[in-house]
Amino acid sequence: MVLSTHVPDLAALELLLGVAREGSLNGVARKAGVSQQAVSARIRAMERQTGVALVHRTPHGSTLTVEGVMIAEWAVRLLDVAADMDAGIAALRTGRHTRLRVSASSTISELLLPGWLASFRAEAPEGGNAPETVLTYANSATVITHVTEGIADIGFTEGPQQPPGLHGRAVGHDRLAVVVAPGHPWARRPRTVAAAELARTPLVSREAGSGTRDTFAAALTAVLGPGAEQAPPALSLSTTAAIRAAALAGAAPAVISELAVADDLADGRLVAVQTPELDLRRTLRAVWDGAASPPSGAARDLIAHILGRQTRQRRRARTRRRGTTAGSGS
């Protein structure tokens, strides 16, 4: 619907209602903090715009004409709706800073986001409140849906590619590992496991739509070609924690983030299978809908915090390396 040019703007309508309340242009001018001449000029401009006389002026004051009274009655309803809209917009703007809806894939939500959110909350400005964060665990495909449909303000994915239709920024890097329990035959093999054998072997993996499964499938395809088939999974699980538990139980070889099993590999509870043919690296991304820049408010603040935290960690690591090098040369 396109309004005609005869409809006054909200500020002009407020002046018209002021004339009805005050009974004089002077009174309206005092309330609005402007001159009487400015009010009079605005009323005349509104009369030209509407094409009807709105105010009857006398030496003793000003009153609305019959037409002015009718337009004022409509204006009351219109301004009430505008006030509700103004309050709603203010609530939305406040909500973007005080409430943050996050949807994140399993590896990120289980292993990284708790630390990110804890430090984000700890670094909230003194006297200010950290935003209330509502975190939803999902696989990468569902995260993309949540962001696209507006269910989440921001998402975190771990798939091999930038989700189409969304903007994003890398917030970290990860690598998948094929791991087995110490009693599995692959744990004792001196040689590596070929991509073709991996494709023939039922594995413990994430469900379809997860970044882990998509990354592993893309790595196999890159080596074996798009026509290669992969054996049905031994177990298809919905969380990183469940895959780790199945691997520790010796259910089958498992495909999992190295972040999730770093301690298990170090302590010998699991053994990493060497798969040099496969590129199992992946990028962890924050994704959002709309403009190229992250959405303003808490979502943008969180991304900036994560990136700043990583920059500080890299600087500390470089400092430690320089200190170690200096110490070894002394």
Side-chain angles (χ1 to χ4, degrees), residues 92 95-96 99-117 120 131-176 203-222 226 230 233 235-244 255-260 278-307 309-310:
L92 291 174
R96 295 188 73 154
R99 190 167 186 265
L100 177 60
R101 300 169 303 164
V102 177
S103 183
S105 54
S106 179
T107 299
I108 298 174
S109 60
E110 292 179 22
L111 303 174
L112 297 172
L113 262 176
W116 291 345
L117 293 174
F120 181 51
E132 173 196 358
T133 302
V134 179
L135 175 59
T136 301
Y137 290 32
N139 62 34
S140 290
T142 303
V143 169
I144 293 167
T145 300
H146 286 173
V147 174
T148 302
E149 295 182 354
I151 297 172
D153 302 309
I154 191 171
F156 291 91
T157 65
E158 52 201 45
Q161 302 295 332
Q162 167 75 30
L166 297 179
H167 297 284
R169 186 163 297 171
V171 293
H173 299 279
D174 184 27
R175 187 181 184 280
L176 297 181
L203 305 172
V204 178
S205 184
R206 290 285 309 280
E207 78 285 7
S210 72
T212 295
R213 188 154 173 172
D214 289 348
T215 299
F216 188 72
L220 284 176
T221 298
Q230 186 176 351
L235 288 173
S236 183
L237 303 173
S238 61
T239 67
T240 300
I243 293 176
R244 175 179 174 270
V255 181
I256 192 169
S257 164
E258 285 186 343
L259 295 172
L278 302 184
D279 183 0
L280 296 178
R281 295 171 298 177
R282 59 181 179 173
T283 300
L284 310 180
R285 294 181 178 87
V287 296
W288 61 87
D289 200 8
S293 297
S296 62
R300 184 178 298 177
D301 293 343
L302 176 59
I303 293 174
H305 171 78
I306 293 169
L307 295 175
R309 173 183 165 119
Q310 292 173 347

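This structure is a prediction, so every number in the text was calculated from the model and none was measured. Scope of the values below: all heavy atoms of this structure, side chains included, with no hydrogens, waters or symmetry mates. Along the sequence shown, residues are numbered consecutively beginning with 1.
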Pairs satisfying salt bridge (Lys or Arg N to Asp or Glu O under 4.0 Å), at least one member in residues 157-174, at least two apart
E158-R282, D174-R282

Any salt bridge (Lys or Arg N to Asp or Glu O under 4.0 Å) pairs touching residues 147-156, not counting sequence neighbours?
R101-D153

For [X] and [Y], work out which heavy atoms get closest and say how close.
X    : Y    : result
W288 : I303 : CZ3-CD1, 3.8 Å
V255 : I243 : O-CG2, 3.8 Å
I108 : P114 : O-CD, 4.2 Å
T157 : I144 : CG2-CG1, 4.2 Å
G159 : S140 : N-OG, 4.0 Å
V102 : A152 : C-CB, 4.4 Å

Supply the atom-to-atom distance [X] [atom1] to [Y] [atom2], rounded to the nearest 0.5 angstrom.
X    : Y    : atom1 : atom2 : answer
N139 : T212 : CG    : OG1   : 10.0 Å
L235 : E207 : CG    : CD    : 12.5 Å
F216 : I256 : CZ    : CD1   : 13.0 Å
L302 : F120 : CG    : CZ    : 5.0 Å
S205 : D214 : OG    : CG    : 9.5 Å
L284 : L111 : CG    : CG    : 10.0 Å

Using atom types as modelled and distance alone, determine if a side-chain donor or acceptor of [X] lies under 3.5 Å from a backbone N or O of [Y].
X    : Y    : value
R213 : R206 : yes
H167 : G290 : yes
H146 : S103 : no

Close side-chain approach of [X] and [Y], heavy atoms under 4.5 Å:
X    : Y    : answer
H173 : R281 : no
L278 : L220 : yes
T148 : L166 : yes
L112 : F156 : no
Y137 : T239 : no

Side-chain H-bond candidate by donor/acceptor type, T240 with T107, under 3.5 Å:
yes

Holding to salt bridge (Lys or Arg N to Asp or Glu O under 4.0 Å), I want the full list of residues that pass it with E258, two or more places apart in sequence or in another chain.
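Applying salt bridge (Lys or Arg N to Asp or Glu O under 4.0 Å) to E258 gives R175.
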
